[in-house]
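The structure appears right after this line, and notes come after that.
Each chain gets a letter, A, B and so on, in the order the sequences are listed, and its residues count up from 1.
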Amino acid sequence: ETWNMPTAYPADNYHTENAQMFADDVASCSNGDLEIVIHAGGSLFKGDEIKRAVQLGEAEIGERLLSAHANENPIFAYDSVPFLATSFEASDKLRDAAVPTLSKVMAEQNLMLLYSVPWPAQGMYFDKEINSVADMAGIKFRAYNATTARVAELSGMVPTQIEAADLKQALATGVVAAMISSGSTGVDESVWEDMSHFYDVKAWLPRNTIFANIDAFNALSPEVQKCVTESADAAKVRGSAKAAELAGGFVAKLAENGMTVSGPGEQLAADLTGIGDTMTAEWLDSTGDDGEAIIDAYKAE
Amino acid sequence: MTTLPRRLLDAIYKTAGFGAALALVAILVLVTLQMVARWMGILFPGGANYAGYAMATASFLGLAYTFSHNEHIRVGIFVERSGVWRRGLEIWCYTVGSAVALYFAWHAIQTPLLSYKINDISQGQDGTPLWIPQIAMAVGATLLAVALLDNLVQVLLGSGLGVDKPLVSLEGLRDRLASPKARAAMFALALLALYAAVNAMTGFDRDATGLKIGVFLFVMFFLLGTGIWVGLALMGVAYMGMIGFTPRNPGSSMAITVWSSASSWTLTSLPLFIWMGEILYRTKLSEDMFKGLAPWLSRLPGGLLHTNVVGCTVFAAVSGSSAATLMTVGKMSIPELRKRGYPEFMIIGTLAGAATLGLMIPPSLTLIVYGVSVQQSITALFMAGVLPGLVLAAMFMGYIALWSVLRPQDAPEPEPRIGFVAAVRNSVLLLPVIALILTVIGSMYAGIATATEAAAFGVIGALLLALLQGSLSFATLLESLLGATRTSAMIALILMGAAFLTLSMGFTGVPRALAGVIASYNLSPFALIAALTVFYIIIGMFLDGISAVVLTMAIIEPMITAAGIDLIWFGIFIVVVVEMAQITPPVGFNLFVLQGMTKHDMSYIARTALPMFGIMLLMVIILVVFPGLATWLPEALKQGPGGS
Ligand code: NA
Ligand code: NA
């Protein structure tokens, strides 16, 4: 049996490398009964096609930034509620709290949740020093989805729609002067060419989620199914550890290239927590009982 | 003799064409609105997505209309030479074409139904249920199938030979398939061949890479060579690869990739730049550009042929694709150069070659895709493209000069020499073009518009120019719009086919296997670059550049890094080889576009472009010997103030 696994990120990205180790584990514990071929960098299906492709069985397994599908069901954005879970430990705790609800919602879409791995936390990039939300007033802020647009709105910035393909040019030419993104994006885009300050506010840790088509999974023998889920559990732990290990490196790289890197000051941190509380409440309003279940489980531990 | 059904069908194609044209206007409006909203600090949520839907609507609704105007491209070498057997070949083409189009239509109809069923919603801020815009896909693909069937019926039962009227009159020649029996036999034969091919495909060894490549090549050459329309032929090849070498049903995968390739935001600049070209073509601008450039360029050996290269170089600085560069400059330069008696061979060849500069001189869609896949700064890549682009342009001009020295007998009468003062005075005529280019470039570099939105500036600027010159009437505006609609739909159909073929290749693993073979040889950097040049030339024969980059980078990038090759430099290398792919048959975008514009045979166009291919090969060598050509400028800019 061969499974095709489309992913959106390049082969040398740690998510893809982790997925490759997962595929190797599956090949070995299934004694070669199940081979997972990874198609990195959107070379099979593009990022925004992957969920639909796996849902419909066009690919048996795939990796996707699930929060991109929040329009379908806001529950998919559980990992992107700003300032709710702001460390790797908290993100893993939130994931564990979300598994039952998320598995149920995904099963309704013919998807089997396998594992998820965080990106480094989202920080804020500016072209000047910022000490409080008041300092942000009127700055053009890159918004690429509803969450980032709302952050801009609540902090008095001007949300500016820029697609990923246009981002570098928009930064270079000052179309946007601020954005929220992980340290790895900053390194990928050489943000120091255009921005001066990075605030490691750890707004949220977006997660890449790996899921299989339920029919394809059910067609496997029980032994191979067990092999897949065990390999997924190992990938989950390994991926989180790797992300934590790399996170410091990205931030250091930003500093190395001349950016002023720091945590949020006292006033800024307090202001952002306020925005976080508002947005958590709004997310709970939109998700109802499902969201309540996740937050309750998260807060209970 | 026009019967009611005939009039009805023609009216339907035309109506759909007008719908597509409206969608093109909608792209302009949406892109402009998004830009203006941003200037005013207002959020226009989902603007890019709406523009993408308009793009898809323009592409799909335009398909049948474009077909009825015979503007979809096919390889005509054998069709044109088939003489008395023409009807037989046309029956084959329309049978295969109808089969592919029906398959496409069936799955295009399934797409919105499926999206509705699984509640697939746009991932952008628009949050649109995707079944709504996908209705355009269902309608457009269905109409395309109707248009093909319509013509199949005509070649089977009537006296016509379909939309592609023979260039050489067949009047007086006996139609070997005049009798109904012969026609029925040919139709049955075509159906039988399809049935046999589909059945033969399913018995292959799925792991035999060599066999896969062989089958891909054979089916591709056969379908393209016999005159199947390129986009449909690519879909046919992709289908064969999927059923032959993967266990899956291709239809639904095809629908997913075709939809997302057709509805992409970054693609919206393509029809806008084409429309801009169509407007400029209908103004006095082409004449003016020639009058302005002529006194200067006519002093060079090779004369006004240099306007092809200079025009493309300048236009490349506003356009991200070679197709748009080719269309705009070609529409202006081909008629003018023909009028002045330059040899067709040189006009077509230098244009085909120089238009590839659209990919190298920033902005460049290929460099963006490359930069994203290998995580290199796009700005650095753009900067890296400038000098090699100018060197390449200079080499094209050198070729023209060399030609004029070697073959003085082919050159037309030199332009009448005018004095320096008069030449300067004539240059005033260049001001509108320069103003337009500065507007488009300036809007990008001043941060007023993104690379995609700059195209909207181009269209509005061209409209203003036409208005000021008094050459804009409602009729010319409509003509330019419909012309742009047809060309966009023509390119869109090929891109749809290429998207499906890319997916099929991905499933079969052919590009990965090929790249893996190269990796297994452990070559030195020089040998590696030589091998990769050959490799990209070969896959460039069959894939468009962006697909080639996307498909192979996952395997090639680690090899490059391991060999210690600079990734910025490699980006420019890959653009040159991808540029070469634009002018190699059987799948070369510039060849298709030029065929559409000039109605020349593709093999003729490929021959005219062969010297350009050689020059680009030389450019690869120059890049290897002088890597600083690509790496110096980005490095120098990095050292500046604000850098580190
Ligand atoms: Na360009
Ligand atoms: Na080619």
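Residues B/I256 and A/E49 come closest through the heavy atom pair CG2-CB, 3.7 Å. The nearest pair of heavy atoms linking B/F507 to A/E58 is CZ-O, 3.4 Å. Scanning all heavy atoms of the two residues, the minimum distance from A/L56 to B/S252 falls at CD1-OG, 3.8 Å. Between B/Q125 and A/A149, the closest heavy-atom pair is OE1-CB, 3.9 Å.
The most heavy-atom pairs under 4.5 Å with chain B, out of A/K140, A/E72, A/E153, come from A/E72. Of the listed residues B/S115, B/G46, B/P129, the one with more heavy-atom pairs under 4.5 angstrom with chain A than any other is B/S115.
Residue contact with chain B, scored on non-hydrogen atoms closer than 4.5 Å, involves the backbone and the side chain of A/T160 alike. Neither the backbone nor the side chain of A/Y9 comes within less than 4.5 Å of any heavy atom in chain B. In this structure, no portion of A/L65 lies under 4.5 Å from any heavy atom of chain B. Only the backbone of A/A59 comes within less than 4.5 Å of a heavy atom in chain B; its side chain stays farther off. Neither the backbone nor the side chain of A/Q109 comes within less than 4.5 Å of any heavy atom in chain B. Heavy atoms of A/K51 lying under 4.5 Å from chain B are absent altogether. Using a 4.5 Å cut-off between heavy atoms, B/W259 does not touch chain A at all.
Without hydrogens or angle criteria, B/Q123 side chain to A/D48 main chain gives a donor-acceptor distance under 3.5 Å. Between the A/N71 side chain and the B/T128 main chain, no donor and acceptor come within less than 3.5 Å of each other.
Distance CZ/A/F45 to CG/B/L503: 4.5 Å, rounded to 0.5 Å.
Two residues are said to be in side-chain contact when any heavy atoms from C-beta on lie closer than 4.5 Å; A/H69 and B/I121 fail this criterion.
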